A.B. asks: 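A single structure is presented below for examination.
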Amino acid sequence: METLIITLIGILVAVATYLILSRNIIRIILGTAVFSHAVHLLILTMGDLKQGNVPLLKEADAPYADALPQALILTAIVISFAVTAFILVLAYRTYQDVGTDDLDELRGAKDE
Amino acid sequence: MPAQFLLNLFIAFLWTTLKDEDELKMTTFFSGFIVGIFIIFLMHRFFGTQFYLRRLLSIIKLIFIFISELAQSSILISKQILNPRWDLKPGIFTYRTELKGDWEITTLAMLLTLTPGSVVMEVNPEGDMFYIHAMDIEQSKADVLRSITKFEKAIMEVTR
Amino acid sequence: MKINDVILRTISRIVVFIILTFGVYLFLSGHNTPGGGFIGGLVLASAIVLLYLSTDIETVKKSLPLDFKYVAAIGVLLATSTGFGSIVFGVPFMSQTFAYFDLPVFGKTELTTVTIFEAGVALTVVGVLVTIILSISEDGG
Amino acid sequence: MIEKILLVSLTLFAISIAIALFRIIKGPSMPDRAVALDMIGVNLISMIAIISIVLKTKAFLEAILILGILAFISTIAISKYIERGAIIEHKSDN
Amino acid sequence: MSTSQIIEYVAVIIIFLGSIMSVISAFGIIRLPDVYTRSHAATKSSTVAVLLSLTGAFIHFWVSENFISVRLILGILFVFLTAPVSGHLLTRAAYRSKVKLTENSSDDALKEVLFPEKK
Amino acid sequence: MNNLIVLPLIIPIIVGIILVFLRPYVKWQRVISLITMIGIAGISLFILNRVQTDGIIRLDFAGWEPPFGILFVADSFAMLLVLTASIVTAICLIHAFSSIGDKHEKMYFYPFVLFLVAGVNGSFLTGDLFNLFVCFEVMLLASYVLITLGGTKPQLRESIKYVVINVLASWFFLVALAYLYGTVGTLNMAHISERVAESGQGPLLTTISILFLIVFSLKAGLLLFFWLPGSYSVPPTAVAALFGALLTKVGIYALFRTFTLIFYHEPLISHTIIGIMAGITLIVGCIGAIAFKDVRLIVSYNVVIAVGFIMIGLAVGTETSIAGSIYYVIHDMIAKAMLFLLAGTMIYLTGKSKIDEMSGLIRNYPVLGWMFFLVTCSLAGIPPLSGFVGKILVGQGAIESGSYILLVLAFISSIVVLYSLLRIFLNTIFGETIISLEDEKPMEMGMIIPIVLLGIATISLGLGAEVISSYVTDAAHTLSNPSVYIDAVMGGNK
Amino acid sequence: MFSVNLVILIPFIVAALLPLTYRRFKKTHLGWFVLIVPIALFVILARLIPSVASGKTYVHTYEWIPTLDFNFTTYLDGLSMIFALLITGVGSLVILYSIFYLSYKESLQHFYCYLLLFMGAMLGVVFSDNLMVLYVFWELTSVSSFLLIAFWNHRQASRFGAQKAMLITVSGGIAMLVGFIMLHTMTGSFSIREIISSMSEFSDHALFIPAMILVLLGAFTKSAQFPFHIWLPDAMEAPTPVSAYLHSATMVKAGIYLVARFTPVFGADEVWFWVVSVVGMITLFWGSFNAVRQTDLKALLAFSTISQLGLIMSLLGLGSIALQFGYSADSVLYTQATFAALFHLINHSTFKGALFMVVGILDHELGTRDVRRLGGLMTFMPFTFTVALIGSLSMAGLPPFNGFLSKEMFFAATVHIMEVDIFSLPSLGIIFPVVAWIASVFTFVYCAVIVFKAFLGNPQPEKLDKPIHEAPIGMLISPMILAALVVGIFFFPNLLGRYILQPAMSSIYPTFGEAADLTPKISAWHGVNPELLMTIGVIIVGAILFKLLKLWKPIYGLLSSRFTFNALYSNLLASSISKSNTITNRYMNGLLRHYLIYIFVFFIVTVGGYLFYSRAFSFDISTNASFRVYEVCLVAIMAVAAMSMLFAKSRMTATLLNGVLGYSIAIFFVIFRAPDLALTQLVVESVTTALFLLAFSHLPDWEKEKLPKGTKVVNGIISVAVGLVVVLVGLSVVDFNQFEPISSYFEDAYELAGGANIVNAILGDFRGFDTMLEVVVLFIAGLGVYSMIKLRTKKEDENIED
Ligand code: NA
Ligand code: NA
């Protein structure tokens, strides 16, 4: 299972990387979103997979699945949401003011 | 009608206090409630209105209609999907309803949507005309027209 | 022909209440079953989002006259100030306490300072989500 | 035996999702994709229910309801976007 | 086999039926010619599929763990309430975003109302 | 109670939120935020001194003993940075009062600055690696907002790059954290250090350490500084000064912490890579610093140079060189803030940003001119200003350990710094006066006072280096001897 | 109690007071007030001459940064006394002169502030025992010199000259600093006295030669030695009193001081001997050779200064050879070169100071320093002429002036060096007298230029803006005092030798026993010896060359100006700007995509590269948890969904696919027993999708990716590589099972934290702090979005809506 998931993570990361290397801002944002998915899966995979029960004491008996990565991912999910929200708004504000969503056109004025 | 319900609650409460148990038990209250239902059913004519659980019954009936319509329609659509020679004639037709008010219209629309082979696409702004997409317009139109009175009646039983 | 959203509005009215109830449940039950401030807050926020989706901004504003960024701010204040409380009591920052009480109606109930903390979290989540969504929606038209 | 059937069911649901994914990728129209996404959500609900049985836990039952809620909300949002280009309106027409 | 075991089997079979239903509807999603007909498959078969599996799960938990899951009932109710609305909204959106009906379609009562100038 | 050491993080947050409610009352916001920063500076000073008497102070949040909970660890290194950051922020705030404008102030400028400070301070203080990630995010989110504050076109343009690269870095941080958790199964930095030592930092852990190196280098602008020049040259002056002073320092701090506390077993690999990166950073930073005519770009590339210089101290890795880097970090926070404030003020006064568009400002604004000269000398490491002690110690460490290439690069870089800033000075401050008396924009006291304060700071930090030397020595000692930190954190409950 | 530290600090204190108090001196020239400082200091120091001459030294320490051993320790001995007297003595005269040179209109407070700053710094240089403090003052002299050169900073040339001087001298200073640090590394001390006493143990140290070269770099740049001399002519943009003071009498001699001071440290080494003496010789020649062609008298003097500094430098080099032999009757002979160096140092300050002041007078009174516009001034400016004549003749090495004495001793030293039997000197040594003689010929020629071209011949009033007239008396006082010294020293050289030079000699040769032995008796007449013959030759050949100047001057035109060090400097700066602009713009091209590629490639190369290099990769599938068919299906679904995003034709499709990914991940959270995660992921994913849709209303749909195919391929390769590295490290990590995670502790969550949901207990309690900050992050994002959208300034109106 771990190998399977890590392979999946690798595919997600590759896709994310390709998207991030795009010119279009939406592709880039989607790339970061996909990357965050991959990262969350990775954190979970780094705690041992499928070993133990749901970490609810009243629900199941020991052994429990590693709860710490789960808590970390929860935090990470919320943070990636916050970041995605911000960057989306930034993207469209930029589009409104600068008039392009193409990063090649957002190079900026050269000095000298 | 709410008066009936409040009364029922009161009976249940009375029942619980009469029992005078050490602690508050949900089961006691529930049994009191059932007793209340029985009493009120016997006495509802004194209120001059319908027995309030009658409406509950019609709701349950409506739900059964829902379920059976859904079952039938899913079987139908399965047949249509699995039919190797697919030669249906889809289309959009209209239906004007007698029903009034948001709840009635909504319920009817949902029922129609779950009816075999038809999906309500639009309701006109006045709220009395449905535009319905049919999987096979000839057959669906017939189905809808056949069952629609039944639906309207079932709905009105609940709402009016 | 104008769009008639009667079906959506009607169903949403029911659904919103289910979601709200469920959200509160999730918020309160997080200590022992899945849920908690975050998830509760998220679900509550989705209920409000559903309100916006099924009606419109003005309608919601009328029936829910809250400034959501202040909701969020109060949430953060709540979440941080439980930590601050422990400074006052001279225990390590963020120390949470919990105890069991026998309350009428609720029975044996656990009351913890975590609940205040989580309430703060939930309020923030609701406030922020709605603020973001409203800000974007209200922009430009 | 029970578990085997359940696993087969899970696989079937997964296949449905795969098929729906195909529709999302292929389109051709946006509503097609939205329909498929809605279907994926619904199938995921079933999968969670079955997995709960397999894992003998009640911990995921909340997820079922949540997924139901969210699939609904997403569908509304997407359909409004397709229909009107904006998912939340300042003031609806009527 | 005890009654409860039988009921458990019934539950599992219900679930299995649901999964088959789901595959059929998925099949419909690729087989049917346009988004409107596909949405029939989605709103009906899929809904039935999920209702079946939820019901199966509900029965299973009731029988094997003696646990009446309000959440599952709520879930069932919820799907019931929302599935038709989703179907309605999506087809409406499709039509209003000018997705064409399949060529087989015989009748189109909406066209004259929504896009009269095209006539 | 050790609760004291959470105050540099929690006070700015709470005050920041309160200021959200005070949005229309700009004056109140100013007063409160300034008082807050001064207060935090005072608290930090107090903690710093307590660290000298009582040793490292730790605060286990909610009382959970390490390694299970999150904790703050205040050692001299962290507290020196917190103290400097607070002082610099306070001074930048004063500048902001008159430079940022009512419009921006009402855009929650003060709350965001306070959140930024909270994130920065938290990053310095935390003893938990995941919490470091969270503190980074607090800081970054605030910086994302601050960089776009006002939303001019260049700001939006550059901020997209800044945000995307930093988001990517954050996700890589999480990848690294995941790997590290997968190997050592813990998050507490001291505990990680123990476990890494126990397993002997094999190749896999070293690989992971390189990933951390990349992550923190992205934040520090070590070699991977591509986001830096653009994004530091667009925001309002006070914000740019804060960025220049604080942001890269957090990355630098993290690099120092991780590679002295956790991954110190393979210096041949990690420190060589750091050394190469630092060297290249110096070179390209130098090239960049003389490449442009835009004052803000010159100034931004000077940030890059400083990063390279400071990191040489870590690459060399002796106690002396680390002490040198600490001196230099403190110096750089002050001097860079001053430089950015000066550059911004010049641009504000003239409306121009290129050096050949300004001239002879010394006759219009003599104090400004002299302050620019002062900061030029300070950054070039000319004694007895603040830059020189650090420079000497880094050099000393490099010589002790035989890192001659780094030594040469480090010292040549200060000549380039001198040249790049003299170029500004001679072209804009000196020269024919071109602003007539009637065109002259009046210099606002609120702008020049903070600059002068920083100028005084850079002089007194140089002349009075002895005052902080015991702190720095202690900080360097702690960094060079991981066991000091580990014992303070894990003492008694291994 | 007397402390030299105070002597150093007084100028600084006065300098600091000037900007605060100068307004009170409206009526009196500020210079009068300032003049008190050097005079007072000179008097204080002069009173110590007898005791220093008797071998007494003064050490005093103020602690500065004791932790680092940077202490303000001063050391007054014979060597520092010479320089201190020059600094304060010439300083007094220059300030006196400047009172008449600079009008009230100039910003005098700045001028004197810088000058005092310089004076204090210079005193600090010569008195500091602590190397770090010495370095502090050393750089301060560069800074004050910079400010003085740029005094008229509205002039382009002033700024250029100031920058050049600053860059070169500060660079040298930094090199010197490194040398100092190396010395500290070797000896463990920053104290010069301690280093001198312990240095013999370290002559084999690997850092010995590098330290020496670096210290010499500092000295050479400061003393304008070839090829670093190029800054000095440009420094002539400074007001003439400054040139006279800094750029001839004092600051440029700091390098000489440094070499003298470090002779006991490094002098015993062959490298030292060759480097110092050869660089000095080259400078001597090059300076004199170039001085001849100058038409600007000040530039002429600048090159002359370079040349004379080279002379002194080479003498110090020659004198160091005595340390090879240790103290013996023979080696004392070689120390006389050093003696000559110190002697010439003083002489040079007198005659060059006088000459600078003369040129200043010409510039000030006639408005030009160009010899082509001058001539026949002798009759109009008799006093000025006298001073010029004395100075020139002394510089040319003619009696009865002090220059003659030291020049003779210089020739003697070069002749003696040929006799030394080490360092291949018997064969190579001949170059020293030859170069010395040639350079002296050129020196004679340029001295003749001053006298004949400016003061003799026909007056050319038509080329001047002002009528020719004698300078005011005030301006003449200083040069005349110096001229008097030029003559006085010739007649009483041994007074100087005994009281000033002898104690300095013992500082330079601390191991050489009795200092009196090192002090030769100076006399004008030695009989006919090689040096006298050389002098006669200089006069004859020099006179001929001066007469034939017009004939051979064109050879200067042969020196291409493109290959001079000046051109090198200018080109270096100019091309460094344009080159670095090209380079930086090439990779910092504003394209985010490129920046990201650098980052990704760096990641692949370092992390991936090290993974392979170290063989850290390990993989063992047997420890894996089992998997089911439907799980494989889900993985496949996610993989397909992800990859389809790359080909999605519309952003909506891509967003929906992202939604599929998010939902599927939620299922994995279910499979991996993470209920809270599943819940959160589901909601967040939906909200994110909604946000995308919301934002899409404000953004255009995307077009087909417009990248060239090659770029796409590169991007593809990078992406795959990044993914691969993540996978390989991940697999290795899975295989690494040395430690148990700490999480089992949290399984007591119910007892510890009162919660049965472990994840929730972690979030709310064990790691509640994370959660608190995470809420803050969320809040910042929300508030940021709000302010970015709602509080932005509209293009039309500047006010912000509430
Ligand atoms: Na300029
Ligand atoms: Na200029």
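Values in this document were obtained by computation on a predicted structure and should not be read as measured data. Here is how names work: the chains are called A, B, and so on, in the same order as the sequence lines, proteins then strands, and each is numbered from 1.
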A.B. asks: Output the option from D:Thr11, D:Leu65, D:Ile17 having the highest count of non-hydrogen pairs under 4.5 Å with chain E.
C.D. replies: D:Leu65
A.B. asks: With respect to chain D, which residue among E:Glu65, E:Arg71, E:Arg96 yields the maximal number of heavy-atom pairs within a distance under 4.5 Å?
C.D. replies: E:Arg71
A.B. asks: Quick check for you: among E:Val79, E:Ile20, E:Leu54, E:Leu51, which has the greatest number of heavy-atom pairs under 4.5 Å with chain D?
C.D. replies: E:Leu54
A.B. asks: Can you see whether E:Phe67 has D:Lys58 sitting over its ring - NZ or CZ less than 6.0 Å from the centre and within 45° of the normal?
C.D. replies: yes
A.B. asks: I'd like to check E:Ser4 versus E:Val63 (side-chain heavy atoms, cut-off strictly below 4.5 Å). Are they in contact?
C.D. replies: yes
A.B. asks: Go through the atoms of D:Thr57 and report whether side chain, backbone, both or neither lie under 4.5 Å from a heavy atom of chain E.
C.D. replies: backbone
A.B. asks: Under 4.5 Å between any side-chain heavy atoms of E:Lys100 and E:Asp34, yes or no?
C.D. replies: no
A.B. asks: Let me see the working for D:Asp32 and D:Ser29 under side-chain hydrogen bond (donor to acceptor under 3.5 Å, both in side chains), right down to the final yes or no.
C.D. replies: CA-CA 5 Å; D:Asp32 274 307; D:Ser29 72; 2.8 Å; yes
A.B. asks: Let me confirm one number: the CD1-CD1 distance from D:Ile73 to D:Ile87, rounded to the nearest 0.5 Å.
C.D. replies: 10.5 Å
A.B. asks: Tell me, side chain or backbone of E:Val99 under 4.5 Å from chain D's heavy atoms, or both, or neither?
C.D. replies: side chain
A.B. asks: Which atoms of D:Ile64 are under 4.5 Å from chain E, going by heavy atoms: the side chain, the backbone, both sets, or neither?
C.D. replies: side chain
A.B. asks: Tell me, side chain or backbone of E:Ser69 under 4.5 Å from chain D's heavy atoms, or both, or neither?
C.D. replies: side chain
A.B. asks: Side chain from CB out, backbone as N, CA, C, O: work out which of these in D:Ile50 comes under 4.5 Å of a heavy atom of chain E, or both, or neither.
C.D. replies: side chain
A.B. asks: When heavy-atom pairs shorter than 4.5 Å are enumerated against chain E, which of D:Leu6, D:Asn43, D:Ile19, D:Ile53 gives the highest number?
C.D. replies: D:Ile53
A.B. asks: Measure E:Leu72 against the heavy atoms of chain D and call it side chain, backbone, both or neither at under 4.5 Å.
C.D. replies: side chain
A.B. asks: Less than 4.5 Å apart, side chain to side chain, heavy atoms only: is that true for D:Pro28 and D:Arg23?
C.D. replies: yes
A.B. asks: May I ask you to say whether D:Lys80 pairs ionically with D:Glu89, meaning some side-chain N is under 4.0 Å from a carboxylate O?
C.D. replies: yes
A.B. asks: Quick one: does E:Leu52's side chain get under 4.5 Å of E:Val48's, heavy atoms only?
C.D. replies: yes
A.B. asks: Would you mind telling me which of E:Gly75, E:Ser22, E:Ser46 has the largest number of heavy-atom pairs within less than 4.5 Å of chain D?
C.D. replies: E:Ser22
A.B. asks: If you define the side chain from C-beta out and look only at heavy atoms, does anything of E:Ser25 sit under 4.5 Å from D:Met39?
C.D. replies: yes
A.B. asks: Can you say whether D:Leu67 sits under 4.5 Å from chain E via the side chain, the backbone, both, or neither, judging by heavy atoms?
C.D. replies: neither
A.B. asks: Among E:Ile29, E:Thr91, E:Leu77, which residue has the highest count of heavy-atom pairs closer than 4.5 Å to chain D?
C.D. replies: E:Ile29
A.B. asks: Tell me, side chain or backbone of E:Phe78 under 4.5 Å from chain D's heavy atoms, or both, or neither?
C.D. replies: side chain
